[in-house]
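All ligand and atom numbering here is 1-based and tracks the order in the structure. Only heavy atoms go into these numbers, but all of them, side chains included; no hydrogens, no water, no symmetry mates.
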Amino acid sequence: MVSGTGSNLAALIAAHEDPAYGARVVAVVADRRGIRALDIAAEAGIPTAVVSVEDFDDRRLWDAAIAETVAVFKPDLVVLAGFMKLLGATFLERFGGRIINTHPALLPAFPGAHGVRDALRYGAKVTGCTVMVVDEGIDTGPILAQAAVTVEPDDDEATLHERIKVVERSLLVEWVGRIARDGLRVEGRHAEAGR
Ligand code: GAR
């Protein structure tokens, strides 16, 4: 599921070309039209769908509709690869425990939509990225993996985010593959690959 430029999606698509990777991107579902991520999916011949909040009177109806849309493709795992909307109760009832997300900060520091900007403004010297299992909170789910990135004195939000994204996409690709091959085990706050 995507909302933006799709660099994480592109890395997943590159990885899935290898049958040994264990995962295939069966579909790409977005919450908005006209984004680069949808072009990347289309160029790779992957089915796409858009379910936009603006097309619904009520956020719960959007949540139910996007859950229905995702269900059409029968995914084993739902990967939020730069998906910028909070999923609601209906979606979580349907796919909970098999949704993972990637966030451009070392959670629990700097959750939300501006993880890079917030770390920079706070004056953090080290930030990074987190791959986690999605729960009902904002970036509060059990953590699967993290990687650190040093903040350089002359960084702005764009330069720091670009360096985080390099590390982030390899971490996301690694963990989607591990989960596809080995399963996903969650016990309380502890998440790992395995059955
Ligand atoms: C990624 O850095 C991802 O962590 C972030 O959006 C970017 C998407 O990049 N997601 C969040 O901030 C979620 N809270 P991409 O569209 O190029 O993959």
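Taken from CD in E68 to OG1 in T90, the straight-line distance is 10.0 Å, to the nearest 0.5 Å. With rounding to the nearest 0.5 angstrom, the CZ atom of F73 is 14.5 Å from the CG atom of D76. Rounding to the nearest 0.5 Å places CG of D155 at 4.0 Å from CZ of R163.
Relative to atom 12 (O) of ligand 1, the option among G115, A10, P104 with the closest non-hydrogen atom is P104.
Residue T5 approaches ligand 1 through these ligand atoms, each under 4.0 Å from one of its heavy atoms: 15 (P), 16 (O), 17 (O). The G112 neighbourhood of ligand 1 comprises atoms 14 (N), with distances under 4.0 Å to a heavy atom of that residue. Close approach of ligand 1 to N8 is summarised as follows: ligand atoms under 4.0 Å from at least one heavy atom of the residue are 1 (C), 9 (O), 15 (P), 18 (O).
Nearest protein heavy-atom neighbour of atom 7 (C) of ligand 1: H161 NE2, 4.0 Å. Looking only at protein heavy atoms, the nearest one to atom 3 (C) of ligand 1 is E168 OE2, 3.2 Å. Nearest to atom 8 (C) of ligand 1 among the protein's heavy atoms is G82 CA, 3.6 Å. Looking only at protein heavy atoms, the nearest one to atom 9 (O) of ligand 1 is K165 CE, 3.1 Å. From the protein, the heavy atom lying nearest to atom 13 (C) of ligand 1 is M84 SD, 3.6 Å.
No donor-acceptor pair closer than 3.5 Å links the side chain of T102 to the backbone N or O of L172. For the pair Y21 (side chain) and G177 (backbone), a donor-acceptor distance under 3.5 Å is present.
Ligand 1 lies within reach of G6, whose nearest heavy atom is under 4.0 Å from it.
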Could you give me the CA-CA distance, side-chain angles and deciding distance for R121 and E157, then say whether salt bridge (Lys or Arg N to Asp or Glu O under 4.0 Å) is met?
-> CA-CA 9 Å; R121 283 192 182 157; E157 187 179 352; over 6 Å; no
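Evaluated for a side-chain contact (heavy atoms from CB on, under 4.5 Å) with V176, the options L171, N8, L12 yield exactly one hit, L12.
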